[in-house]
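Structure, as structure tokens:
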Amino acid sequence: MGRGRVEPSLESAKPVKDNSSMPLIDQYHRPVKDLRISVTDRCNYRCAYCMPLDEYTWIEKDEVLTFEEITRLATLFIQMGVEKIRLTGGEPLVRRDLEKLIAALSPLPGLKDLSLTTNGSFLAEKAAALRAAGLRRINVSLDTLNPERFRQITKRGDLEKVLAGIFAAHGAGLNPVKINAVIVRGLNDDEIVPLIEFCRTNGFSIRFIEYMDVGNANSWSLEKTVTKQEILQTINQHFPLREVGRMDGRAPAIDYQFLDGTGDIGIIGSVTEPFCATCTRARLTADGKLVTCLFAQEGHDLKSLMRRGATDQEICQVIRSTWTVRKDRYSDERWENLRSGAGYQPKDHRKIEMITLGG
Ligand code: SF4
């Protein structure tokens with residue numbers, strides 16, 4: 001119910017002028033509705049597609065936003081239209097006492113949805129406390145069910161711990177427990193069906209995400225992307241599906257239900273079916289930079305502003321002036337270039353690293 005496919009239509013959109021009495025919308029009439037907050041850039045894994053091993057400079061501890069600062073900014077973003085907040089990292093559960101932040105955010109008036117994306121490695125210990133603090137649902141990244149491959153991808157991860165975490169989250173009442181799987185040709189494209197069987201058997205949801213060129217660390221090429229259509233085809237051969245559409249018209253995933261009624265999946269066609277036209281996501285890095293696109297080169301420093309004693313009104317003004325000039329449509333442009341044969345080289349576009357930005 002209430003789900004409809006919204007097709008991108010940026011080409012027909014006309015730029016708008018800022019006016020502080022107007023609702024906060026960007027140059028393509030997109031409101032700010034979702035905020036992804038990275039609570040740390042630290043991670044216990046070293047996945048090659050996320051972590052630029054040699055060059056990365058960690059954010060200094062005292063540059064990381066405190067829970068009070070995050071809560072203050074979250075409150076202001078909600079006042080400006082944000083309805084959903086997702087906590088990310090690095091790995092968010094390496095941040096000590098994260099449940100205290102959940103407890104501060106979950107009752108904020110106007111916040112309709114609070115979620116967390118984790119690699120799952122500390123979830124077995126943390127799931128009950130997160131649930132008790134007010135978290136309702138959770139996403140766990142899991143690209144393989146093969147322990148050796150898992151170790152190869154993460155460099156130091158233990159699949160058993162992640163699986164235990166997923167079951168602990170389910171047992172603690174987090175619902176849905178969603179598995180996020182990035183499918184890379186030649187790496188884990190033989191795991192689409194096993195991952196679905198795992199989720200269907202155990203009552204988890206799953207979202208497949210097309211592999212893309214986030215950050216500067218991964219050696220992405222279009223050939224490595226298993227497309228949404230290929231993923232669908234593979235699934236349909238084993239478990240026939242019907243399309244349901246996008247949740248609330250803005251969600252990146254297109255949802256499908258299995259015809260036998262056992263579960264559902266989502267597929268995010270980040271590369272071949274970009275959704276910039278409905279992108280209402282702002283991002284906050286662990287050191288307090290407001291970033292308006294996953295592929296941005298830089299952010300706008302809200303932390304320094306706060307620490308210099310800015311009032312709420314002054315911070316809101318900077319958020320407003322950043323969002324109202326937003327013209328980001330990176331994925332649309334990448335796909336246009338790829339489709340037209342104009343070519344696209346990820347290395348020509350320097351971006352904020354995924355471990356800083358939280359994906
Ligand atoms: S490329 Fe940028 S604007 Fe487009 S959907 Fe992704 S984050 Fe949003």
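Both ligands and their constituent atoms are indexed starting at 1 by order of listing.
- Between the side chain of Thr118 and the backbone N or O of Gly120 there is at least one donor-acceptor pair closer than 3.5 Å.
- Stacking of Arg242 on the aromatic ring of Phe258 is not recorded, the 6.0 Å distance cut-off and the 45° axial limit not both being met.
- Aromatic ring pairs are classed by plane angle as parallel below 30°, tilted from 30° to 60° and perpendicular above 60°; the pair Tyr330 and Tyr344 is perpendicular.
- Aromatic ring centres of Phe239 and Tyr256: separated by at least 6.0 Å.
- In this structure a side-chain-to-backbone donor-acceptor pair under 3.5 Å is missing from Asn188 to Thr144.
- Residues lining ligand 1 at a heavy-atom distance below 4.0 Å are given as Phe275, Cys276, Cys279, Arg283, Cys293, Leu294, Phe295, Arg326, Asp328, Tyr330, Ser331, ordered by chain and residue number.
- Residues Arg200 and Asp260 are paired through a salt bridge, judged by an N-O separation under 4.0 Å between the basic side chain and the carboxylate.
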